Amino acid sequence: MTVLEQASNLTNTAFSHLPIIDLANIDSEDPAERAALAQAVRDACMNVGFFYIKNHGIPEHVLYTAYAASQEFFALPDTAKAALDITSNPGFKGYNGVRASNNDPSGAGDMHEGFEFGWEELVPRARDEKRAHDGPMAGANVWPQELPTFRTDVLTYYHHAVNLGKKLFPLFAMALDLPPHFFDDKTRNSAAIMRVLHYPPQTGPVDDRVIGIGAHTDWECFTILWQEPGIQALQVLNAKQQWVNAPPVPGTFVVNIADQLSRWTNGVFKSTVHRAINRSGAERYSIPLFFGTDYDVRLEPIPTCVSPARPPQYEVVTAGEYVKARLQATYGH
Ligand SMILES: O=C(O)CCC(=O)C(=O)O
Ligand SMILES: [Fe+2]
């Protein structure tokens with residue numbers, strides 16, 4: 001079945017859990033195995049917009065080191081974190097405090113603090129060609145001077161996650177009836193933003209307008225999310241408007257389709273609403289990587305996703321313009 005045939009046959013059943021996709025065959029030489037994997041990805045992207053991936057290949061110690069570094073960062077005094085405030089750096093890099101962001105326009109501020117950074121070589125370069133095309137999103141990363149290994153600890157995980165993201169694009173391409181390398185020349189410059197997040201526990205009565213992160217969709221192509229083990233917080237909205245829990249599953253990441261890929265696929269892939277509430281009583285940390293296309297790519301509908309019966313649904317914008325507009329709305333500047 002072509003991608004559009006499958007899209008027009010969708011029954012819109014409300015999902016009750018997120019599928020788990022095993023990436024063990026991602027490098028398989030066997031076309032049948034790769035096709036089966038691409039079909040599983042297509043089903044998940046059309047029906048849910050979210051899935052877990054296992055056998056992703058990122059070593060546990062890399063994750064643990066980034067996690068430990070983020071705990072140290074958020075334990076710094078407020079003055080040290082405020083010195084890196086996201087509103088004083090171009091290109092939305094740096095720290096945002098508790099309730100400084102608001103992902104749900106009907107909310108009153110997200111109950112988390114975060115720290116954002118984008119592409120940077122592990123060995124810094126005076127002029128990084130990969131950053132020369134960032135346009136509206138241009139701006140260097142900032143790092144806490146108090147923690148000498150923080151930069152390396154989180155950037156090491158960043159590079160692993162970016163490499164994993166690059167391996168997912170051929171699967172998305174195959175799922176969309178495109179040649180496997182369709183996205184290669186649109187993802188040369190790794191427009192990928194990582195955010196380390198800290199959610200204080202919310203106990204007792206909770207104002208629904210002030211939750212960990214309010215209901216939202218993500219803005220890039222897809223997100224690869226690491227969640228703190230053992231703490232349920234993430235919830236995903238299904239077609240019946242029910243919140244479905246997406247608990248951490250050991251050895252997996254959550255992957256979700258975001259707005260760029262949904263717009264690019266003319267709505268064939270779903271960018272699904274989600275939120276997080278930490279009612280566990282303990283601190284919670286999570287680390288999303290938002291993987292976009294190069295910021296100068298125009299999000300024109302992919303040809304396999306358009307037909308007379310399914311005309312283009314979205315205005316064409318560049319990826320950078322789209323992300324910047326959403327960041328401005330969320331951080332209020
Ligand atoms: O922390 C989480 O589980 C979700 C974070 C999230 O949705 C986001 O940062 O966009
Ligand atoms: Fe999100």
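In listed order, ligands and their atoms are each counted from 1. Being a predicted model, the structure only gives us computed values, none of them experimental.
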Can you confirm whether the side chains of [X] and [Y] place a donor and an acceptor under 3.5 Å from each other?
X	Y	answer
H274	H216	yes
R279	Q232	no
N256	D218	yes

With a 4.0 angstrom cut-off on heavy atoms, strictly below it, pick out the residues next to ligand 1 and order them by chain and number.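 Residues near ligand 1: R195, L197, Y199, I213, H216, D218, L225, L234, H274, R284, S286, P288, F290.
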
Less than 6.0 angstrom from the centroid, inside 45 degrees of the normal: does K166 satisfy that with respect to the ring of F169?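 No, cation not above the ring by the 6.0 Å, 45° rule.
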
Considering all heavy atoms, the nearest P201-A282 contact: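 Smallest interatomic distance, heavy atoms only, reads CB-O, 3.6 Å.
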
Between W226 and Y67, is the ring centroid distance below 6.0 Å?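 Yes; Y67 has its ring centre under 6.0 Å from that of W226.
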
In this structure, is the centre-to-centre distance between the rings of W264 and F183 below 6.0 Å?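 Centroid distance F183-W264: below 6.0 Å, so yes.
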
Angle between ring planes, F291 versus F222, binned at 30° and 60°: parallel, tilted or perpendicular?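 Rings of F291 and F222: parallel, under 30°.
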
E5 CD: over 12 foreign heavy atoms closer than 6.0 Å: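 Yes.
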
The Fe ion (ligand 2): protein N, O or S atoms that are less than 2.8 Å away, sorted by chain: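 H216 NE2, D218 OD1, H274 NE2, with waters left out.
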
